[in-house]
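Residue numbering restarts at 1 for every chain, and letters A, B, ... go by the order of the sequence lines. Treat the numbers as computed from the prediction; the structure is a model and nothing was measured.
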Amino acid sequence: MDLRAPKGTQDILPPESERWRRVLDLAHRLFHVYGYREIILPVMEYTEVFARGLGEGTDIVRKEMFTFLDKGGRSLTLRPEATAGVARAFVQHRLDKAGMPVKLYYCGPMFRHERPQKGRYRQFHQLGVELMGSSHPSADAEVILLCSEFLRSLGIASRLVLNSVGDASCRPAYEEALRAYLHGRAEELCPDCRRRMEVNILRVLDCKERQCAGVIAGAPGLGDYLCEACRHHLQAVEELLGAAGVEFSREERLVRGLDYYTRTVFEFQDPVLGGQNALAAGGRYDRLVEEMGGESVPAVGFSVGLERVMNAGPSFPPGGREGIYLVAMGKEARKQAFLMARHLRAEGLRCDLDHLDRSLKAQMKEADRQGYRFCIILGEEELRGEYLTLRDLETGTQERLEAEGGRRVEAVLRRLEAWMVTRWKQTPGS
RNA sequence: GUGGGGGUAGCUCAAUCGGCAGAGCACUGGGUUGUGGCCCCAGAGGUCGCGGGUUCGAGUCCCGUCCCUCACCCCA
């Protein structure tokens with residue numbers, strides 16, 4: 001094969017695309033119910049949006065971005081995540097001036113230049129929410145609850161882990177203490193961790209290397225260094241989650257890869273998957289909007305990895321047969337079927353007919369293969385006798401519909417009305 | 001960037017010691033001159049990833065190369 005989709009990207013074909021559609025429809029409905037509204041952003045930003053937003057030292061900014069120059073020589077980057085772009089748009093359009101909080105959700109492709117593997121792609125899709133303008137613990141709790149509800153409604157079991165990474169008033173002191181501790185035992189750490197000490201020291205805590213485990217176990221705990229305000233915040237979030245019946249566990253070693261997080265961080269993990277087990281993750285980012293040049297606006301959000309969610313096997317009730325396939329034989333009947341299809345479609349009914357000049361048998365086979373509920377047979381006999389033959393492909397029963405004066409569409413609609421067959425015209429916006 | 005596994009029909013895969021490239025599913029047609037699914041019959045479908053080498057003969061052995069995949073790192 002000469003031409004393929006680029007490495008780490010994939011085509012999502014039917015029927016898989018239909019599973020995606022269902023997940024997205026459910027998400028849109030659920031986020032709407034929680035009072036969030038959609039924001040649609042460019043998939044590229046000027047590079048400094050991410051460099052400043054995520055932190056120069058993060059892996060994403062250092063080596064995972066698709067970056068290129070536009071014709072004016074300005075550096076652009078395909079978004080590796082969405083939150084920085086949301087913050088940029090928030091500042092650009094002065095959304096804080098129109099009244100807060102601002103509750104937004106987004107959905108779309110993200111890009112990271114990494115070696116692909118299961119659950120990790122160069123183009124992947126995220127769906128997420130941002131609640132901006134509130135520092136109240138109930139904002140954190142709502143966002144976490146929403147994420148939890150989303151996964152639960154898909155029938156996906158997941159484990160929620162929660163932590164606080166402190167804020168500007170307490171984290172520096174902790175990092176100092178951690179640095180002092182690790183400095184004395186640097187020889188015992190893996191090479192990666194020695195590098196992490198310089199770049200983002202918190203992530204040493206997250207290391208899975210055996211040799212580091214002992215060192216990490218003896219390290220000062222972040223929890224002990226949280227300031228009074230952060231401690232109360234975390235406690236309040238936990239209380240609300242508990243009251244809402246959301247199960248979680250405290251994970252003192254949980255640290256996020258992006259610099260913008262403050263206080264609350266969390267992750268929903270797939271209990272069965274090994275490596276790429278983070279289905280969704282998020283946290284509070286009280287400094288990001290200011291970093292983008294706006295006022296100081298606290299915010300909290302999450303993002304779910306759609307490929308990973310799809311991989312976790314969301315369960316749906318099986319979709320049934322739907323629509324009508326018009327089977328026609330002979331030139332005049334085909335013409336009549338063509339016109340009937342046009343009218344039935346205008347009524348919002350899923351409807352199709354043969355375009356390959358195939359036999360009646362082959363047309364019926366196609367109707368079955370494409371999942372149509374009904375077949376309407378229109379041949380010489382039907383034309384002459386002014387009736388239609390309607391066959392239910394599910395039950396295998398067949399009947400005759402009278403259509404005097406060639407009023408075929410009316411005959412069909414009248415009959416289907418009795419079954420309350422779905423039409424999009426009757427359920428706009430769903 | 002570092003390792004492991006793998007590339008044969010549209011898909012999932014087989015092919016013994018180096019000896020005529022196959023199966024299941026899917027597809028098309030027929031069995032039924034106007035009736036889907038189940039069954040039966042038939043058909044179509046191949047650059048054995050690519051290039052070179054060894055050999056009378058290579059899907060199979062050797063060298064190179066490309067691609068896919070899983071894992072590490074990191075992350076959704």
With both distances under 3.5 Å as the test, what is the Watson-Crick or G-U wobble partner of [N]?
N: U69(B); result: G4(B)
N: C27(B); result: G43(B)
N: G57(B); result: none
N: G22(B); result: C13(B)
N: C38(B); result: none

The residue among R253(A), R256(A), E175(A) that forms side-chain contact (heavy atoms from CB on, under 4.5 Å) with L202(A) is E175(A)

Under 4.0 angstrom, heavy atoms only, what part of the nucleic acid is [X] near: base, sugar-phosphate, or nothing?
X: Y121(A); answer: base
X: E267(A); answer: nothing
X: K7(A); answer: sugar-phosphate
X: R115(A); answer: base
X: Q370(A); answer: nothing
X: G396(A); answer: base
X: R112(A); answer: base
X: R321(A); answer: base
X: A367(A); answer: nothing
X: E81(A); answer: nothing
X: Q363(A); answer: nothing

Atom pair distance, as rounded to whole Å: [atom1] in [X] and [atom2] in [N]:
X: L3(A); N: G49(B); atom1: CG; atom2: C1'; value: 15 Å
X: R369(A); N: G10(B); atom1: CZ; atom2: P; value: 17 Å
X: L202(A); N: C75(B); atom1: CG; atom2: P; value: 11 Å
X: K118(A); N: A71(B); atom1: NZ; atom2: C1'; value: 13 Å
X: R4(A); N: C67(B); atom1: CZ; atom2: P; value: 10 Å
X: E130(A); N: A76(B); atom1: CD; atom2: P; value: 12 Å
X: L279(A); N: C75(B); atom1: CG; atom2: C1'; value: 13 Å
X: E307(A); N: A76(B); atom1: CD; atom2: P; value: 13 Å

(message) Less than 4.5 Å apart, side chain to side chain, heavy atoms only: is that true for E130(A) and Y106(A)?
(response) yes

Could you check which of [options] has an atom nearest any side-chain atom of [X]?
X: R203(A); options: C75(B), G34(B), U28(B); value: C75(B)
X: Q117(A); options: C70(B), C75(B), U35(B); value: C70(B)
X: A281(A); options: G34(B), G36(B), A76(B); value: A76(B)
X: D368(A); options: G34(B), A76(B), G37(B); value: G37(B)
X: T389(A); options: G30(B), U35(B), A76(B); value: U35(B)

In whole Å, measure the gap between the [atom1] atoms of [N] and [M] for me.
N: A23(B); M: A44(B); atom1: P; value: 12 Å
N: A58(B); M: A15(B); atom1: C1'; value: 14 Å
N: G6(B); M: A14(B); atom1: P; value: 10 Å
N: A9(B); M: U65(B); atom1: C1'; value: 25 Å
N: C25(B); M: U35(B); atom1: P; value: 25 Å
N: G51(B); M: U8(B); atom1: P; value: 16 Å
N: A71(B); M: C38(B); atom1: P; value: 36 Å
N: G4(B); M: C63(B); atom1: P; value: 15 Å

Would D368(A) and R373(A) count as a salt bridge (Lys or Arg N to Asp or Glu O under 4.0 Å) here? Give the steps. CA-CA 8 Å; D368(A) 184 44; R373(A) 172 70 192 271; over 6 Å; no

Closest to the 5' end of RNA chain B, once A5(A) and I60(A) are matched to their nearest nucleotides, is A5(A)

Ranking G282(A) and K63(A) by the position along RNA chain B of their nearest nucleotide, the one closer to 5' is K63(A)

Query raised in the report: Does a side-chain N-to-carboxylate-O contact under 4.0 Å join R384(A) and E381(A)?
Result: no

Do the charged groups of R152(A) and E149(A) touch, with an N to O distance under 4.0 Å? yes

Could you check whether the side chain of [X] and the base of [N] have a donor-acceptor pair of N or O atoms closer than 3.5 Å, going by distance alone?
X: R308(A); N: C75(B); value: yes
X: E382(A); N: G34(B); value: yes
X: Q398(A); N: U35(B); value: yes
X: R391(A); N: G36(B); value: yes

I'd like to know if the side chain of [X] pairs up with that of [Y] as donor and acceptor (distance under 3.5 Å, no hydrogens or angles considered).
X: S164(A); Y: T264(A); answer: no
X: Y36(A); Y: E142(A); answer: yes
X: R358(A); Y: Q363(A); answer: no

inquiry  = Here's one to test your reading of the geometry: is the NZ or CZ of R350(A) within 45 degrees of the ring axis of Y372(A) and under 6.0 Å from its centre?
reply    =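 Because its charged atom sits under 6.0 Å from the ring centre and within 45° of the axis, R350(A) does stack over Y372(A).
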
*Look at K365(A) and U35(B) and indicate whether a side-chain polar atom (N or O) is within less than 4.0 Å of OP1 or OP2.*
no

